[in-house]
K.L.:
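Just passing along the structure, written as C-alpha cells.
Side chains are part of it too, since the values below use all heavy atoms of this structure and drop only hydrogens, waters and symmetry mates. Start at 1 with the first residue, then count along the sequence.
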Amino acid sequence: MINLSQAAASEIGRIKSKQQPNVLFRLAVKPGGCSGFFYDMSFDEAIKVDDQVFDLDEIQVVIDATSLNYLNGLGVDYSEDLMGGGFRFHNPQAIASCGCGNSFSIANQ
C-alpha cells in the first residue's frame, strides 16, 4: 500500500519523539497546491471513525478513507542536500506534479 524508506521512517521517528507521548503520525491528501492536490503530514492524538492505521517500519501511519484512494502505492523518502532536508513523494497514480514535488494531479479528479 504505502512504503516508507528507512530514511523517511527515521526522520518521522525523530520528529515524533519531540511530540507528546502516544501521538500518531497522520498522512493525508488535501485539495490545493499548484497541481490540484498536496500531501499533508501532521501529528494527531486521535483516530477518527473512517481512519485506517498501518504499521510501517515501526511507525504507525494514520490515513483517512478519502486520502487512502490517492495514496495507494505511494513511496515516501527523506533526503538532505545543500538546501536542507525534505520528504520526497513518489506516487504512481500522479500524472503530473509541480516542481516542489509536494503537489500533484491524477486522472479523473
K.L.:
Restricting to ring pair (Phe, Tyr, Trp, His ring centres under 6.0 Å), what partner residues turn up for Phe54, sequence neighbours left out?
P.N.:
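Scan of Phe54 (ring pair (Phe, Tyr, Trp, His ring centres under 6.0 Å), adjacent residues dropped) gives none.
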
K.L.:
Could you check whether atom CD of Glu45 has more than 12 heavy atoms from other residues, nucleotides or ligands sitting under 6.0 Å from it?
P.N.:
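Not more than 12 within 6.0 Å, no.
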
K.L.:
Do Asn72 and Met1 touch side chain to side chain, with heavy atoms closer than 4.5 Å?
P.N.:
yes

K.L.:
Asp40: what forms a salt bridge (charged side-chain N to carboxylate O under 4.0 Å, His left out) with it, not counting sequence neighbours?
P.N.:
Lys30

K.L.:
Shortest non-hydrogen contact from Ala46 to Arg26?
P.N.:
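Minimum heavy-atom contact is O-NH2, 3.2 Å.
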
K.L.:
Taking CG in Asp55 as the centre, count heavy atoms belonging to other residues, nucleotides or ligands within less than 6.0 Å. Is the count above 12?
P.N.:
yes

K.L.:
Quick one: pull up CE in Met41 and CZ in Phe25 and give me the separation to the nearest 0.5 Å.
P.N.:
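Nearest 0.5 Å value for the CE-CZ distance: 4.0 Å.
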
K.L.:
State which residues pass side chain to side chain donor-acceptor pair (under 3.5 Å) with Asn69; sequence neighbours excluded, sorted by chain then number.
P.N.:
none

K.L.:
Do you know which two heavy atoms are closest between Gly73 and Pro92, and how far apart they sit?
P.N.:
O-CD, 3.3 Å

K.L.:
Could I get the full list of salt bridge (charged side-chain N to carboxylate O under 4.0 Å, His left out) partners for Asp64, not counting sequence neighbours?
P.N.:
none

K.L.:
Of the non-hydrogen atoms in Ser5 and Tyr78, which two are nearest, and what is the gap between them?
P.N.:
OG-N, 3.8 Å

K.L.:
Report the hydrophobic cluster partners of Val62, with the cluster defined as I, L, V, M, F, W, Y residues connected by side-chain heavy atoms closer than 4.5 angstrom, directly or transitively.
P.N.:
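Reading the cluster by chain and number, Val62 sits alongside Leu24, Ile47, Val53.
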
K.L.:
What pairs of residues pass the salt bridge (charged side-chain N to carboxylate O under 4.0 Å, His left out) test when at least one of them lies in residues 12-24, not counting sequence neighbours?
P.N.:
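Non-adjacent pairs meeting salt bridge (charged side-chain N to carboxylate O under 4.0 Å, His left out): Glu11-Arg14.
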
K.L.:
Out of curiosity, Tyr39 OH to Tyr70 OH, how far, rounded to the nearest 0.5 Å?
P.N.:
11.5 Å

K.L.:
Output the distance between atom CD (Gln19) and atom OG (Ser42), rounded to the nearest 0.5 Å.
P.N.:
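Interatomic distance, Gln19 CD to Ser42 OG, rounded to 0.5 Å: 9.5 Å.
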
K.L.:
Measuring only between side-chain heavy atoms, which start at C-beta, is Ile2 closer than 4.5 Å to Ile63?
P.N.:
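Touching, per the 4.5 Å side-chain cut-off.
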
K.L.:
Looking at CD1 of Ile59 and CD1 of Ile12, how far apart are the two atoms once the value is rounded to the nearest 0.5 Å?
P.N.:
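Answer for the CD1-CD1 pair, Ile59 versus Ile12, is 6.0 Å.
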
K.L.:
What is the distance from atom CD of Gln6 to atom CG of Asp77, rounded to the nearest 0.5 Å?
P.N.:
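Rounded to the nearest 0.5 Å, the CD-CG separation comes out at 10.5 Å.
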
K.L.:
For residues Ala28 and Ser67, report the shortest heavy-atom separation together with the two atoms involved.
P.N.:
CA-OG, 3.4 Å

K.L.:
Would Val76 and Leu56 count as a side-chain contact (heavy atoms from CB on, under 4.5 Å) if you check the C-alpha gap in whole Å, the side-chain angles of each, and the deciding distance to 0.1 Å?
P.N.:
CA-CA 11 Å; Val76 181; Leu56 304 174; over 6 Å; no

